[in-house]
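Here is the structure we will look at, set down as structure tokens.
Below, read A as the first sequence line, B as the second, and so on, with proteins coming before strands; counting in each chain starts at 1.
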Amino acid sequence: MEMLNIKINGQDYQVPKGSTILEAARTNNIHIPTLCYLKGINEVGACRMCLCEIKGGRALVAACVYPCNEGMEVFTNTPLVRETRRAVLDLILSNHNRECTTCERSGVCELQQVSEDMGIKEMRFPAQKKEEFTIDEVSPSVVRDGSKCILCGRCVAVCKDVQGLGAMGPTSRGFNKSIDPAFGMSLAESNCINCGQCIVNCPVGALKEKDDTDKVWAALADPTKHVVVHSAPSVRAGLGEPFGMPVGSLVAGKLAASLRRLGFDKVFDTNFAADVCIMEEGTELIGRVTKGGVLPLITSCSPGWVKYAEMYYPDLLAHVSSCKSPQGMMGSILKYHYAKQAGIDVKDIFVVSIMPCTAKKYEVSRPELAVNGIPDNDVSITTRELARMIKQAGIDFTSLPDEEFDTYYGDYTGAATIFGATGGVMEAAARTAVEVITGKEAATIDYEGVRGIEGVKTAEVKAGDLTLKVMVAHGGANIRTVMDKLRAGELKDVHFIELMACPGGCVNGGGQPIVNAQDKMFRDIRVERAAALYKEDKDVLKLRKSHENPSVQRLYKEFLGEPNSHTAHEYLHTKYSAKPKISK
Amino acid sequence: MADFVSIKNLEPLKQIIAKHKDEPGCAMPILQETQGAYGYLPIELQKEIAEALGVSLSEIYGIVTFYTQFTTVQKGKNRIGVCLGTACYVRGSQKILDRIERELNIKVGDNTGDMKFALAATRCLGACGLAPVMMINDDVYGDLSPDKIPDILAKY
């Protein structure tokens, strides 16, 4: 790699050619504040927090976009730099709604952090408040508060470029500029897929999840309710972070322990339903392959992707699996099998799901995810909301013992736990499909070809004489690449496609703990959290194939009969239909 | 001034889009010509444009709300723009604006009840030598005084 010699604050450094000043500085542990910068996604020099001085330069430059060149001398800490950055920050703060004590992002707010770092003690330009903003809380997933927005454009870039949507964008100009969906509509009326990627990439509290913790507290306090909980694979790969544990900590045992201490009557695991999902979806796939059904089959676990399909690819909905998501299946199994076994009336059971996902809140409200008008799940809360509940309850998470999930509906295999990472559903399906098709134990069950964070992955799965061609994509823009090819007739030889709305899959879902942009500059949280799940699969769990889960086998014996049976269809399958992109 | 096309008739829009679709930066000419044909850019037309260009509605809406010459609400057929730029203002353009408001019995930003006129205050029109200046559609009127207003309006 060609290196450049530069000086930062009088010290000599060698940096790779093509580095920006920001990259050069941060790589060498020199701190430059940023707000709008989001590596690879929003590198636009908009917020001006990163201004630096260059020897011989005419004006200060934005470090996040200014390339280094040979012999350059940069100063990141001169009086001019400090005063100018301070003025920029004063102006940003002048119309920011500074209600930190009631703001959800307090403590993980990048604006708060920059203000603290820069020693802001008073408001130089107070009371230049923006006109009153109404809070948009129509969406069941995402709440927008324009009074806190600093117009950095990170949400816009993520929604448009990473997710391929552009549900909101800059509107109007000057002092009246705001980030909004078109025509003053709510996010719920826009082409938003509820993924929440805007939330996890917002530096401040302008975007947050719809808080449903009150509903959970109320159910827990209601003596007439039997409250059961199940949590998704990715929750155990993220929940440690709000309690100071490193990114990628596997906290399955503490997760179960904390849920029990919160007072849930039963602590189950969505992973159980993920194993069931493999039985159902795998059988659906084998059926379509052997009987000549619509191929490729596409997964339906991700509610963001499902909504994407309904709005953008309604002509291709026949490809989407009829399986409910694991969340939906779990709720239905708990309400119609567990409740019966436990002698509880379906009216008296209250099912809470813990999800890394804001779109799951929307899914819970969908009539397609209900049986006889009764929703499969009553409330879905995110990993972040669970962390808040644990804090509110005064539970010292890090010192909790590792406990097990309750048996039967809390039993799961490694195939289920890797659902949280992109490629995980595909790998889990392959482990089962190959053995079901060949009737023999497979030599290897590690499918490296579908792992990793490449946007679109293609692999072949050999099952005896049959070769299944599979694809995996994650993030809306990659989904569109695949779906546009499918529409153009280019994927006729593909059998099975896994699509996840969030980049990296559920481990990086919109409901996961927020990692600030600076930390994300040098680490890939998608990889680190996924590693926790692959570790649980390989090193912790004894069983690694869904069809070997004895509790799943028992469920089929006691309740469902065969995969794709009439009963399975009644409780575990559904049908989706076309939706307009803009409902206004 | 010709009558505007009804937004129920999407044929002219389709022609405008087809004409510019393959040019780089085609959104601006499409929006300008669409507003020229229909008089304004309501959600129905913006949705069509967004769909045809393969971009989101919010992106089109962002452009429309960024430039003051675009409007999302129906405007009167004849658009009066009175310059309140510095030169015109010191030469008394506020009095011109006041007189037009009185003559038409509307306020800045409004349309007349018969949709014959729309009144707007503009930034500099680039004709400071003629200050105070106003434009009605594409016609420029300079060296104005309030008394000249009724005769000018009567032409439309």
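At most 12 non-hydrogen atoms from other residues, nucleotides or ligands lie less than 6.0 angstrom from CG of B:Asp138. Atom CZ of A:Arg366 has more than 12 heavy atoms from other residues, nucleotides or ligands within 6.0 Å. Heavy atoms of other residues, nucleotides or ligands lying less than 6.0 angstrom from CG of B:Asn105 number 12 at most. Within 6.0 Å of NZ in B:Lys148 there are more than 12 heavy atoms belonging to other residues, nucleotides or ligands. At most 12 non-hydrogen atoms from other residues, nucleotides or ligands lie less than 6.0 angstrom from CZ of B:Arg123. Heavy-atom contacts from other residues, nucleotides or ligands closer than 6.0 Å to NZ of A:Lys160 number 12 or fewer. Enclosure of atom OH in B:Tyr89 is not indicated, since only 12 or fewer non-hydrogen atoms of other residues, nucleotides or ligands lie within 6.0 angstrom.
Each ring-ring contact (aromatic ring centres under 6.0 Å, His included) pair with one or both residues in residues 53-76 of chain B, not counting sequence neighbours, appears once here: A:Phe183-B:Tyr61.
Using non-hydrogen atoms only and a strict 4.5 Å limit, the part of residues 41-54 of chain B facing chain A consists of B:Leu41, B:Pro42, B:Ile43, B:Gln46, B:Lys47, B:Glu51. Scanning residues 163-171 of chain A against chain B with a 4.5 Å non-hydrogen threshold yields A:Leu165, A:Gly166, A:Ala167, A:Met168, A:Gly169, A:Pro170, A:Thr171, sorted by number.
For A:Thr358, the side-chain hydrogen bond (donor to acceptor under 3.5 Å, both in side chains) test picks out no residue, with sequence neighbours left out.
Atoms CD1 and OG, on A:Ile582 and B:Ser56 in that order, are 8.0 Å from each other to the nearest 0.5 Å.
Between B:Leu57 and A:Lys584 there is no side-chain heavy-atom pair separated by less than 4.5 Å.
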